[in-house]
Structure formats: structure tokens, C-alpha cells
There are 2 protein chains.
Amino acid sequence: MPKKTNVPKRDRILDAAEELFAEHGYDGVTLRRIATSAGVDVALANYHFGKKLDLFQAVFNRRAELLNGARLEALHACQESSGAKGPSVEQIIEAFLRPLEIAQETGDEGWRHYLALIAYINNSPYWGPRMMSSLFDELVQEFIKALKKALPKASEADIYWCYHNLSGALTLTLANTGRIDKLSRGQCHSADFRAAYDHMIPFTAAGFRKICEG
Amino acid sequence: MPKKTNVPKRDRILDAAEELFAEHGYDGVTLRRIATSAGVDVALANYHFGKKLDLFQAVFNRRAELLNGARLEALHACQESSGAKGPSVEQIIEAFLRPLEIAQETGDEGWRHYLALIAYINNSPYWGPRMMSSLFDELVQEFIKALKKALPKASEADIYWCYHNLSGALTLTLANTGRIDKLSRGQCHSADFRAAYDHMIPFTAAGFRKICEG
DNA sequence: GTCTATACCAGGATAGAC
DNA sequence: GTCTATCCTGGTATAGAC
């Protein structure tokens with residue numbers, strides 16, 4: 001892959017950091033490696049972002065608003081089109097997941113790395129509690145509220161456990177480890193988010209209904 | 001928690017490494033920290049296990065056979081009790097998951113850390129492809145075979161995508177990040193594996209049926 | 001304001017002496 | 001089994017070039 005020398009160095013640092021943090025985790029990456037990969041001097045990351053941790057957070061923050069905006073918009077769209085009874089479980093999960101196909105649609109590798117970074121953080125006992133809430137709790141609670149309305153008989157705990165299962169399936173998908181490719185001997189592809197969601201939406205919707213409608 | 005000075009130092013190193021690797025990942029832990037936590041000299045880890053990577057693999061290997069033996073035994077048990085028609089999807093998933101309650105049952109914190117380590121490795125784009133197959137593929141394929149029998153109309157790809165969703169839900173559970181506790185404001189507890197599986201088994205079984213039985 | 005060269009020093013992996 | 005020395009890597013600060 002050719003170095004994009006037309007992109008501003010500040011962005012190249014973010015891009016390189018995004019890819020490397022997603023693949024190797026926070027401690028698995030050095031600032032020197034990020035700088036080399038971005039084709040800039042070691043000290044430039046420090047100049048633009050301060051400490052390593054600040055860079056990490058800058059990477060995590062960069063695309064969050066755009067992503068969650070799209071998801072919230074999708075939720076509101078299906079809420080409006082469904083009237084007073086509200087959207088179905090399937091529609092809600094669809095709105096939660098489909099905007100994440102953005103990486104495939106735009107062909108922007110950066111999005112793929114970013115989503116893998118979310119998976120890393122969400123699955124980490126260290127980073128998860130420290131970093132997920134501030135960017136994602138508001139969005140999740142909005143979806144939970146919609147799900148409660150679609151499943152009025154469900155207890156709160158049941159809804160959250162179901163959400164946990166959905167979140168886990170999603171997280172492993174975003175991690176994009178290639179494990180399913182190998183297990184299935186090439187019949188499934190980790191990188192094919194569309195196929196993943198095509199299965200995940202009916203799968204998890206059926207799970208929600210089973211637990212929450214009895 | 002008091003230092004267990006009665007435990008052999010070699011095991012104390014494994015225990016400490018297990019806990020720290022699970023929490024911080026491979027690169028987030030130094031041999032010094034492991035040694036300090038185990039109450040032994042820095043060089044002793046090197047003496048017993050060689051390089052850091054070898055210690056990492058030793059930790060990952062240690063409990064795998066016991067764990068997967070129990071899961072396989074559970075699968076065979078339900079296969080025998082169900083006769084020629086074979087066990088149901090629920091029974092198969094139950095056999096896949098319930099032995100993982102071992103941490104809760106035995107009260108051995110080491111098991112909890114070990115399971116979190118599996119979650120870390122399985123969700124990692126770097127470690128997943130390098131370390132999961134050798135210890136877990138055989139077991140997984142055995143369960144897949146049973147699932148195919150229980151869902152004879154399903155395509156292979158569908159089975160594997162459903163397994164992927166199950167594996168993701170399980171992985172996030174094992175990671176034990178406390179996120180669900182926070183989101184649900186204390187109504188669900190990450191550490192309560194029994195509650196997690198009580199929901200995960202019917203949830204994922206319904207998903208399998210939806211995808212694989214139409 | 002953007003960027004590079006360089007230096008500093010803490011901390012760590014490893015090997016070899018004991 | 002343990003202690004220590006050595007070499008190296010990495011995060012960060014600073015000075016100054018463009």
C-alpha cells in the first residue's frame with residue numbers, strides 16, 4: 001500500500017495509530033512504530049497530541065460522533081416510519097448494526113481499523129470500564145429504551161442480558177480476527193460485515209423475543 | 001488477599017501471569033510485575049518457562065485440557081441420553097457453556113482469570129489466529145457436528161455464522177468487563193456466569209433455530 | 001504554527017556469575 | 001534457585017529549523 005503523502009501528517013499519525021492500536025492493543029504499540037508507519041518523526045505525535053494516552057483517546061474519539069450519529073439517525077428514521085406502536089425488535093437491531101457497514105461501503109480501511117479498536121476496548125477488562133461509557137452509553141440507552149417499548153413484557157434485567165449477547169456478537173465481528181474463516185474453511189468471511197449482520201439481526205432478534213416474550 | 005506461600009513458586013508464577021495477562025494483555029505486563037505479584041525473583045520466570053512468550057503459552061495451555069475435557073464429556077453425556085435422534089440445540093449449547101461455570105463453582109479465582117484470558121486471545125486480531133486453533137478447533141468442530149445433526153436443514157455457512165454469534169456472546173461474558181453492570185445500573189452482574197448462561201442458552205438456541213430452521 | 005533532531009532516563013528482557 | 005550486570009527499548013522533553 002502506497003504512503004499517502006498528500007494527507008496531512010497529523011491525520012497520518014491518527015490513521016497509523018488507529019490501525020496499530022486495533023491490531024496490537026495499547027501496550028503492543030510504540031510511538032516510534034506509529035511514527036515510522038505514518039512516515040513522520042517520533043516527536044510529532046507528542047507535538048500534536050501530547051502523551052501516548054492522549055493520542056489513544058484522540059483516535060477513539062475521532063470517528064465516534066459520526067458513527068453514533070448515523071446509528072441514532074437510523075433509529076429515529078425507523079421510529080418515525082413505524083408510528084405510535086414503535087419499531088419492531090428487528091428494525092431496532094437493524095438500526096443499531098447497519099451503519100457499521102460504513103467500512104465496506106466507503107472502502108475506507110480506516111473505518112475497519114476503528115471498529116476493530118472499539119472491539120478491543122469493549123472486550124478489555126482494563127479499557128472497557130474506562131473508555132466505553134463516555135462515548136457509547138447515551139447511544140446504547142436510547143436503543144435500550146426503544147427495545148423496552150418493543151418488548152413491553154420484558155424485565156429490565158432480561159433486556160440488558162439480551163443486549164449483552166448482541167453486544168458480544170457484534171464485538172467479535174468488529175474484531176475481525178479471521179477465526180470464522182478458518183473454522184468454516186472459507187465458507188464465512190470475517191470481513192464481510194454485511195453477511196455478518198444479515199445473520200446477526202434475525203439471530204439476535206429471535207433471541208430477544210425468546211427471552212422477553214416468553 | 002494473602003500471598004499463598006505454600007503454593008510452589010512455579011505455580012505462583014503461572015497464577016500471577018494468568019491474572020495479569022488477562023487484565024492487561026500480553027504487552028501490558030512485564031515479567032517484573034509478574035514476579036513481584038508472585039513474590040519471586042525476576043529471573044525465576046525465565047528459569048522455569050524461558051521467554052515471556054513461552055510463559056504466555058504455558059498459561060494458556062495449563063487449563064485447556066481440563067476445561068475442554070469437561071465440555072466434551074458434557075456433550076457426550078447429552079448425546080448418550082438422547083439416543084439416535086441426538087440432542088437438541090439447547091442441550092448442545094448447554095454442554096458447550098455450563099462447564100465454564102467452573103470458576104463460580106470451585107471458587108477458584110484462577111479459573112475466572114483463565115477464562116478472561118481466553119476472551120482476550122479470542123478477540124485479538126493478533127493472538128486469535130495464532131493461538132486459538134491448536135487448543136480449541138477440535139472441540140468446536142465436535143460441537144458443530146452435533147449442531148448440524150440437530151439442524152439438518154441448515155447450510156454450513158449458516159451454522160458457522162450462528163456459532164460466531166454464540167462465540168461472541170460467550171467471549172464478552174468471559175471478558176468480565178463489568179460493562180453490563182454499569183449499563184444496567186446494577187441489575188446484571190458480569191461475574192454471574194450462571195445468570196449469563198441462563199439467558200445465553202435460550203437466546204442463542206432461538207437464534208440458531210430462526211436462522212437454520214427458517 | 002509545523003516539524004525534525006537529539007537527548008535523557010526509566011524500566012525491562014535476558015544471560016551469566018554465583 | 002538467586003542476584004546482578006548489561007544492553008536495549010520506549011516515552012517524553014527540549015531546542016531549534018523551516
Side-chain angles (χ1 to χ4, degrees), chain A residues 2-62 110 113 117 120-121 124 126-127 130-131, chain B residues 3-62 117 120-121 124-127 130-131:
Chain A
K3 284 256 150 45
K4 295 170 242 163
T5 42
N6 50 330
V7 178
K9 293 191 176 184
R10 190 177 186 283
D11 296 327
R12 271 152 59 194
I13 292 169
L14 287 169
D15 292 340
E18 187 171 59
E19 175 166 8
L20 290 166
F21 282 141
E23 170 89 8
H24 301 283
Y26 180 79
D27 298 291
V29 179
T30 67
L31 290 174
R32 290 179 158 81
R33 200 161 155 205
I34 292 170
T36 304
S37 170
V40 304
D41 188 86
V42 208
L44 195 59
N46 188 273
Y47 168 72
H48 279 299
F49 302 100
K51 296 189 188 306
K52 184 184 181 184
L53 183 59
D54 296 327
L55 171 61
F56 188 60
Q57 283 167 331
V59 171
F60 192 50
N61 289 334
R62 176 166 59 150
H113 302 142
L117 182 67
Y120 163 71
I121 290 172
S124 160
Y126 182 80
W127 295 112
R130 284 171 178 74
M131 295 184 66
Chain B
K3 282 259 151 43
K4 296 169 238 162
T5 43
N6 50 329
V7 178
K9 293 191 175 181
R10 189 176 187 282
D11 296 327
R12 271 152 59 194
I13 292 169
L14 287 169
D15 293 341
E18 188 171 59
E19 175 165 8
L20 291 167
F21 282 141
E23 170 90 6
H24 302 283
Y26 180 78
D27 299 291
V29 180
T30 66
L31 289 175
R32 292 186 127 78
R33 202 158 152 207
I34 293 170
T36 304
S37 170
V40 304
D41 187 87
V42 208
L44 194 60
N46 189 273
Y47 170 75
H48 280 300
F49 301 100
K51 295 188 188 310
K52 184 182 179 186
L53 182 59
D54 296 326
L55 171 60
F56 188 60
Q57 284 169 330
V59 171
F60 191 49
N61 289 334
R62 176 165 60 151
L117 182 66
Y120 163 71
I121 290 172
S124 160
Y126 182 81
W127 295 111
R130 284 170 178 75
M131 294 184 67

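Quick note on labels: first sequence line is chain A, next is B, and so on, each numbered from 1.
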A:Asp15 pairs by side-chain hydrogen bond (donor to acceptor under 3.5 Å, both in side chains) with which of A:His113, A:Arg62, A:Arg10?
-> A:Arg62

Readout for nucleotides 7-13 of chain D: B = base within 4.0 Å of protein heavy atom, S = sugar-phosphate only, - = neither; 5' to 3' it is ---BBSB

Rounded to the nearest 0.5 Å, what's the gap from [atom1] on [X] to [atom2] on [Y]? Could you check?
X        : Y       : atom1 : atom2 : value
A:Ile13  : A:Tyr47 : CD1   : OH    : 10.5 Å
B:Ile34  : B:Glu19 : CD1   : CD    : 11.0 Å
B:Lys9   : B:Leu14 : NZ    : CG    : 14.5 Å
B:Arg130 : B:Gln57 : CZ    : CD    : 11.0 Å

Between [Y] and [X], is there a side-chain heavy-atom distance shorter than 4.5 Å?
X        : Y        : value
A:Phe21  : A:Tyr120 : no
A:Tyr26  : A:Leu53  : yes
B:Val59  : B:Phe49  : no
A:Ile121 : A:Phe56  : yes

Looking at B:Asn46, B:Thr36, B:Leu55, B:Leu44, which hits side chain to side chain contact (heavy atoms under 4.5 Å, CB included) with B:Leu31?
-> B:Leu55

Axial bend angle, the helix from C:dG1-D:dC18 to C:dC18-D:dG1: five-pair end segments, nearest 10° = 10°

Please list, in 5' to 3' order, the outermost nucleotides of DNA chain C lying under 4.0 Å from any heavy atom of chain B.
->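 Contact boundaries, 5' end first: C:dG12 to C:dA15.
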
